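Data first, discussion second: the structure below is written as structure tokens.
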Amino acid sequence: MEKAGIPVCHVTSVVPVAKMVGSNRIVQGQGIVHVMGDADLPAEEEKELRRKTVLQAIEALKNEAATP
Amino acid sequence: MRVVHYLNQFFGGIGGEEHADTEPQVHDEPVGPGRLLGQVLGENAQVVRTIVCGDNYATENMEALTALVLEQTKDAQADIFVAGPCFEAGRYGVAAAGLCVAVSSELDIPVVTGMAQENPGVDLHRQTLYIVDSGKAASAMREVLTKMSDMAHKLASGQDMGAPAEEGYIARGILKDTFVEQTAAQRLVAMLDAKVKGEEFESELPAPSFPEIPAPAPVADMSKARVAIITDGGLVPKGNPDNISAWAATNWGSYDIAGKDGLQGDDYEVSHRGYDTRYVEQDPDRLVPVDVLRELEESNVIGELHSQFISTSGLVNPIANSRRLGREIAAQLKESEVDAVILTST
């Protein structure tokens, strides 16, 4: 994607792998089984958490990537 | 030995970037580096035909070019097909490697090309081709052509090809059984010994390398940007219409989310078999956050959520394969004028 010039924000709970493969913008996800949620939370709180994660990703896309 | 040679417009002596649209030209003689190739090949071989084509023309008309090259190569009764060397020239490398694959499979004659490790032609076709490692400097032309010539003779006479490092070609990722004197334990200790002493050693299984890709510039105004969601977590509509396999997936799917405020578990399933998929199947927004992004679209934090999400299953996938999937997805999103991507990985 990035070779084609489209900026990507990689949301994952396995950040070391994202770093290893060279992702430039990385956001820590909530867990392997639900990157964008948390099944232990009530639905409302879970969605709020998801909103926070997505906003972090958007923030990362708005900013220069820190050099890895 | 009759040789047909492929060159781009630059090495074919037509000109630089301003001539990249040049349509294919056929010459019944060696051209440019082909003359040197003729020399290093020796008396028993000659370049009988040269096809020269502009890089942009080749990229945009690969099918037509392939058909022409096959026809001309067959007609010239070639014993071997040589393309390049292309060094770092990307479009040239992709065309040269693609033509080599076509000639090899359609005409069943040996093919040789040369390019730098970084050339995208290598990524695409290293597994099928013997690609001489040309390095980046075109000033090494004679040396590279000599290697290519040696390889051509070897392939034409049906000799066994040695290991990449011995023969000077780029590793194809093929493991060959061989007899060795020392057991694995002995080799391991010898390697460790060399490493501790700071001496050179060669790993028998090189770790995959990930070239650094410079980060694209940030999105200046997210409130105008079209954002797409990609996941390698394998979310697919019920029934898995594209048959995306659970591991080593060879394809990806693009699924409509236009007008959806969120994803319902009843409509989807997960093809990935490398994690506990129950939570995502309960609520797919946990992997592909359509609900939140739709709201952010409505409040104009982002301009637009792309009408489809893209999914594949990123489990024990060979890297070359993953790269191909990535290239294909990138091409489609580029076409759809997507400005930014949120990629969720399990």
Side-chain angles (χ1 to χ4, degrees), chain A, chain B residues 120 207-223 225 227-233 262 274-280 282-293 295-296 301-302 319 322-323 326-327 329-331 333-334 337-346:
Chain A
M1 227 51 57
E2 302 216 312
K3 240 185 191 169
I6 306 175
V8 175
C9 182
H10 194 176
V11 185
T12 175
S13 53
V14 205
V15 173
V17 173
K19 282 190 176 154
M20 181 185 82
V21 301
S23 294
N24 287 310
R25 293 175 167 93
I26 304 169
V27 164
Q28 171 84 51
Q30 306 305 329
I32 294 193
V33 295
H34 37 50
V35 193
M36 283 282 191
D38 185 342
D40 290 338
L41 293 177
E44 276 302 302
E45 283 176 45
E46 186 188 11
K47 195 165 170 191
E48 198 42 48
L49 181 69
R50 174 151 60 246
R51 191 188 327 273
K52 230 173 85 187
T53 312
V54 169
L55 283 170
Q56 275 177 355
I58 290 171
E59 208 47 45
L61 289 165
K62 270 167 41 182
N63 288 289
E64 286 293 340
T67 35
Chain B
S209 69
F210 299 96
E212 222 172 84
I213 294 170
V219 180
D221 188 355
M222 281 303 284
S223 71
V227 181
I229 316 172
I230 305 180
T231 186
D232 60 27
Y275 67 99
D276 183 348
T277 59
R278 282 175 301 172
Y279 302 99
V280 171
Q282 245 169 38
D283 180 0
D285 289 310
R286 285 172 177 153
L287 182 65
V288 179
V290 172
D291 58 347
V292 166
L293 276 162
E295 286 176 17
L296 293 173
V301 173
I302 61 165
I319 286 161
S322 302
R323 289 196 172 125
R327 269 193 304 271
I329 295 170
L333 292 186
K334 198 92 193 159
E337 295 177 357
V338 164
D339 301 303
V341 165
I342 294 178
L343 165 66
T344 64
S345 282
T346 50

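Predicted model, so just to flag it, every value in this text is computed and none were measured. Reminder, nothing fancy here: chain letters follow the sequence lines and each chain counts from 1.
Chosen from A4(A), A43(A), P7(A), A18(A), the residue pairing most often with chain B at heavy-atom distances under 4.5 Å is P7(A). Chain B forms the most heavy-atom pairs under 4.5 Å with one residue out of S13(A), A57(A), G5(A), and that residue is G5(A). Interface summary for chain B: among T12(A), V14(A), T53(A), the most heavy-atom pairs under 4.5 angstrom belong to T12(A). Ranked by heavy-atom pairs under 4.5 Å with chain B, the list V17(A), L55(A), V27(A), V35(A) is led by V35(A). Ranking T344(B), D291(B), T346(B) against chain A, the residue ahead of the rest is D291(B), based on heavy-atom pairs under 4.5 Å. Of the listed residues (V11(A), L49(A), D38(A)), the one with the most heavy-atom contacts under 4.5 Å to chain B is V11(A).
One finds no salt bridge joining E44(A) and K47(A) here, because no Lys/Arg side-chain nitrogen approaches an Asp/Glu carboxylate oxygen to under 4.0 Å.
Among the candidates V288(B), V338(B), I342(B), L333(B), the single residue satisfying the side chain to side chain contact (heavy atoms under 4.5 Å, CB included) test with I230(B) is L333(B).
For a residue to count as touching a neighbouring chain, one of its non-hydrogen atoms must lie under 4.5 Å from one of that chain's; by this rule D339(B) touches chain A with the backbone only. Neither the backbone nor the side chain of P120(B) comes within contact range of chain A; no heavy atom of the residue lies under 4.5 Å from a heavy atom of that chain. Looking at A340(B), the atoms closer than 4.5 Å to chain A (heavy atoms on both sides) sit in the backbone and in the side chain alike. Residue E46(A) touches chain B through its side chain alone, counting heavy-atom pairs closer than 4.5 Å.
Side chain of N63(A) to backbone of P218(B): no donor-acceptor contact under 3.5 angstrom is found.
Note: I302(B) CD1 to M222(B) CE = 6.5 Å, rounded to the nearest 0.5 Å. Residue R278(B) holds its CZ atom at 15.0 Å from CG of D283(B), rounded to the nearest 0.5 Å. Here the CE-CG distance, from M36(A) to L287(B), works out to 8.5 Å after rounding to the nearest 0.5 Å.
Side-chain contact between D285(B) and V292(B): absent, with no pair of heavy atoms (C-beta onward) separated by less than 4.5 Å.
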